Amino acid sequence: MSNWLWIGSSALLCLQWIAIHFIGAHPAAHLQALSSGVAIFGAAFMLSWSAELAQKDIPQALAIALLALIAVLPEYAVDMYFAWTAGKDPKYTAFAMANMTGANRLLIGVGWAAVVMTYWLKTRKRAVELEPGHKIEIFYLGLATVYSFIIPIKGYLDLMDALVLIVIFVFYMRAASKAEHVETQLEGPSEMIESWGEGPRRLATILFFVISGFTIFIAAEPFAEGLLATGRTFGIEEFILVQWLAPLASESPEFIVAILFALKAQPGTAMGALLSSKVNQWTLLIGMLPVVYSISAGNIGGMHIDDRQVEELFLTAAQSLFAVAVLANLSFSLIEATVIFLLFSTQLLFPDPQFRFYYSIFYVLLAVGLVVVNKDTRQGVLGLFRRTPVATPVKKSLGKTVKLNKNQGL
């Protein structure tokens, strides 16, 4: 019954916006943002189930790539809309940057921390230990993070940045695609659908993809514009709504699924999925922004960013650097999770630009301090450049475990 409740609720959230779209109704701005936002929320759940089920019928490498991309598709849809519109109206550049930086900081500051805290509440264990194979995600996240500091220094995001970040993403996917596919038992609605047999399972997979994909396609623009209009109507800064509320709609289903895995004492699975999403968002998502912008603008110029966006990008890169240092030893403790959450949450209380700079420097100092003072962290960072041991799990996603082939390196 609970599985049917999940499926029915997600479908209704999608269908209510599909109905509004075809009827041609024009609700008030705040209602438009709410209705389209919860539709994206429901679609994100359906996408996760369809991606799990699709593993049964598609090649291994494609399954890995698909799972990695599907998890953040709702976030991509909203941000790509802002980037496309920025090509016609430069003021939307700020919103594209706001959505991207907000999504990345939420993923670490709330998502990662929530997994460790939930696991501690469930088991009283004070740390989550990651499999050695997760060094792949940490390594490529580290590469992208180091490069990302160049963007705020330059003051613009261009096609050269896109090339570098997309290449990092391609190499990451190449490393994952060489892994040996090992099936694990599905859970929740996907497990129930799998028991129906091959034909019904494939039909359900296609149906989930179609409904969720179409919902995201028709909801991204009204959700984004509804948020902006709501801010103007109620005197709320548009940048803040786009930076924090928009990512919540697209990221929260993934957070919920990760927390459910932590409650089932499977924190490695939860962290693996969120870590993979972070790599995707910090490489492909950022890399696609100038590409979409250039196509829309009809030229190859870069997206010029103002001082506020420079500060936000620097802060997001600094948080990512600290996160890489924390995970380098393949252990994520309750204390570390608490520090990450407190640093994320308290920075919201200080809108003054100088505090964004202070927090950025503090993140960098903490990262450097961990490497210098903590022997395990230092060895972990060095270990990212060594070959991964034989047959260690690379990535646990919502329905699978992947293992490295023999002698596979980074």
Side-chain angles (χ1 to χ4, degrees), residues 104-105 107-120 123 125-150 168 171-172 175 258 262 267-279 281-283 314-347 358-389 392-396 404 408-410:
N104 275 278
R105 297 220 296 275
L107 189 60
I108 292 177
V110 176
W112 290 18
V115 167
V116 179
M117 294 176 182
T118 302
Y119 182 60
W120 172 72
T123 66
K125 294 182 178 179
R126 303 179 65 85
V128 171
E129 303 298 331
L130 299 178
E131 300 285 355
H134 285 300
K135 288 195 296 183
I136 283 186
E137 284 97 339
I138 300 169
F139 174 76
Y140 285 105
L141 177 57
L143 283 183
T145 297
V146 170
Y147 179 81
S148 67
F149 281 98
I150 296 174
I168 292 174
F171 274 94
Y172 162 62
T269 301
M271 280 301 301
L274 295 182
L275 180 56
S276 178
S277 292
K278 173 61 181 177
V279 177
Q281 290 186 179
W282 205 227
T283 55
F314 184 40
L315 178 56
T316 307
Q319 184 206 46
S320 183
L321 184 69
F322 177 54
V324 169
V326 166
L327 295 187
N329 63 354
L330 299 177
S331 178
F332 193 15
S333 71
L334 180 63
I335 293 177
E336 291 166 337
T338 302
V339 170
I340 282 179
F341 176 74
L342 288 176
L343 286 175
F344 167 78
S345 57
T346 55
Q347 68 192 238
Y358 295 154
Y359 273 89
S360 300
I361 296 301
F362 191 51
Y363 273 128
V364 173
L365 291 177
L366 283 177
V368 174
L370 270 178
V371 174
V372 172
V373 174
N374 191 298
K375 181 179 178 181
D376 288 342
T377 300
R378 188 165 57 252
Q379 291 178 339
V381 171
L382 295 175
L384 295 177
F385 297 90
R386 300 181 189 135
R387 289 191 175 189
T388 306
T392 57
V394 171
K395 167 184 170 185
K396 289 183 179 179
L404 288 174
Q408 180 184 336
L410 298 179

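The analysis underlying the following values was restricted to heavy atoms, covering all of them including side chains, and did not include hydrogens, waters or symmetry mates. Here the structure is a predicted model, which is why all the values come from computation and not from measurement.
- Proximity of Trp282 to Thr316: side-chain heavy atoms (C-beta onward) are separated by under 4.5 Å at one or more points.
- When all heavy atoms of Ala323 and Ile108 are compared, the pair lying nearest together is CB-CD1, 3.7 Å.
- With sequence neighbours left out, the side chain to side chain contact (heavy atoms under 4.5 Å, CB included) criterion links Ala113 to Met117, Ala337, Phe341.
- Residues Pro132 and Leu330 are in side-chain contact: their nearest non-hydrogen atoms beyond the backbone lie under 4.5 Å apart.
- Taking the side chain as every heavy atom from C-beta outward, Leu321 and Phe149 approach each other to under 4.5 Å.
- Enclosure of atom CD1 in Ile335 is not indicated, since only 12 or fewer non-hydrogen atoms of other residues, nucleotides or ligands lie within 6.0 angstrom.
- Taking 4.5 Å as the limit, some side-chain heavy atom of Phe322 sits within range of a side-chain heavy atom of Val339.
- Not counting sequence neighbours, Thr123 has no partner by the side-chain hydrogen bond (donor to acceptor under 3.5 Å, both in side chains) test.
- Nearest heavy atom pair, residue Leu274 against residue Ala258, reads CD1-CB, 3.8 Å.
- Using a 4.5 Å cut-off on side-chain heavy atoms (C-beta onward), Asn104 and Ser320 make no contact.
- Rounding to the nearest 0.5 Å gives a distance of 8.0 Å between CD of Glu336 and CG of Leu327.
- Here the CZ-OG distance, from Arg126 to Ser331, works out to 12.0 Å after rounding to the nearest 0.5 Å.
- Closest heavy-atom contact between Val115 and Ala262: O-CB, 3.7 Å.
- Side-chain atoms of Ser276 never come within 3.5 Å of backbone atoms of Gly272 as a donor-acceptor pair (strictly under, hydrogens ignored).
- Separation of atoms CD (Glu129) and OG (Ser333) is listed at 9.5 Å; rounding is to 0.5 Å.
- For the side chain to side chain contact (heavy atoms under 4.5 Å, CB included) test, residues two or more places apart in sequence or in another chain that qualify with Leu382 are Arg386.
- Listed for the Thr338 side chain is a donor-acceptor partner under 3.5 Å among the backbone atoms of Leu334.
- With sequence neighbours excluded, the residues that form a side chain to side chain contact (heavy atoms under 4.5 Å, CB included) with Leu315 are Arg105, Gln347, Arg356, Tyr359, Ser360, Tyr363.
- The distance from atom OH of Tyr172 to atom CD1 of Ile136, rounded to the nearest 0.5 Å, is 8.0 Å.
- A pairwise comparison of heavy atoms in Leu384 and Phe139 identifies O-CD1, 3.5 Å as the closest pair.
- Taking every heavy atom of both residues into account, Ile340 and Gly109 meet most closely at CG2-CA, 3.8 Å.
- For the side chain to side chain contact (heavy atoms under 4.5 Å, CB included) test, residues two or more places apart in sequence or in another chain that qualify with Val324 are Ile138, Leu141, Thr145.
- Across Ala144 and Thr283, no two heavy atoms sit closer than the pair CB-CG2, 3.6 Å.
- Residues that satisfy the side-chain hydrogen bond (donor to acceptor under 3.5 Å, both in side chains) test with Gln379, not counting sequence neighbours, are absent from this structure.
- At a threshold of 4.5 Å between non-hydrogen side-chain atoms, the residues Leu143 and Tyr147 do not count as touching.
- Leu343 has its side chain within reach of Phe362: a pair of non-hydrogen atoms, C-beta onward, lies under 4.5 Å apart.
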